[in-house]
Amino acid sequence: MMDFDPVVSVQLPLSERVLDRLADILFASDEILDMIGTQPRYPDESTLDVEKSVRRVYNQVNDLMKKLTD
């Protein structure tokens with residue numbers, strides 16, 4: 001993944017810049033879900049709360065990206 005370059009990004013249309021940032025959020029939330037899913041111990045209540053919240057963010061960002069690309 002490329003690092004965010006503000007000089008280059010201002011030359012891109014707003015929709016592409018927004019989609020790029022949303023993709024970063026989607027990628028990070030997916031990584032968090034993978035970390036939670038591969039932990040060696042049984043999930044506790046706080047882990048389940050985090051998973052639920054992150055999954056909600058993932059789904060919301062995914063839906064928003066679909067709307068923006070249609």
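Below, all heavy atoms of this structure are taken into account, side chains as well, without hydrogens, waters or symmetry copies.
The list of salt bridge (Lys or Arg N to Asp or Glu O under 4.0 Å) pairs with a residue in residues 25-40, not counting sequence neighbours, is empty. The salt bridge (Lys or Arg N to Asp or Glu O under 4.0 Å) contacts involving residues 46-67 comprise E51-R55, where partners must be two or more places apart or lie in separate chains.
Here the CG-CG distance, from N59 to N62, works out to 7.0 Å after rounding to the nearest 0.5 Å. To the nearest 0.5 angstrom, R21 atom CZ is 13.0 Å from L26 atom CG.
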Walk me through it: do R17 and D20 pass the test side-chain contact (heavy atoms from CB on, under 4.5 Å)?
-> CA-CA 5 Å; R17 289 182 280 160; D20 185 56; 5.6 Å; no
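Residues satisfying the side chain to side chain contact (heavy atoms under 4.5 Å, CB included) criterion with L22, sequence neighbours excluded, are V18, I25, V61, L64, M65, L68.
Linking Ile, Leu, Val, Met, Phe, Trp and Tyr whenever their side-chain heavy atoms come within less than 4.5 Å leaves L48 and V54 in two separate clusters.
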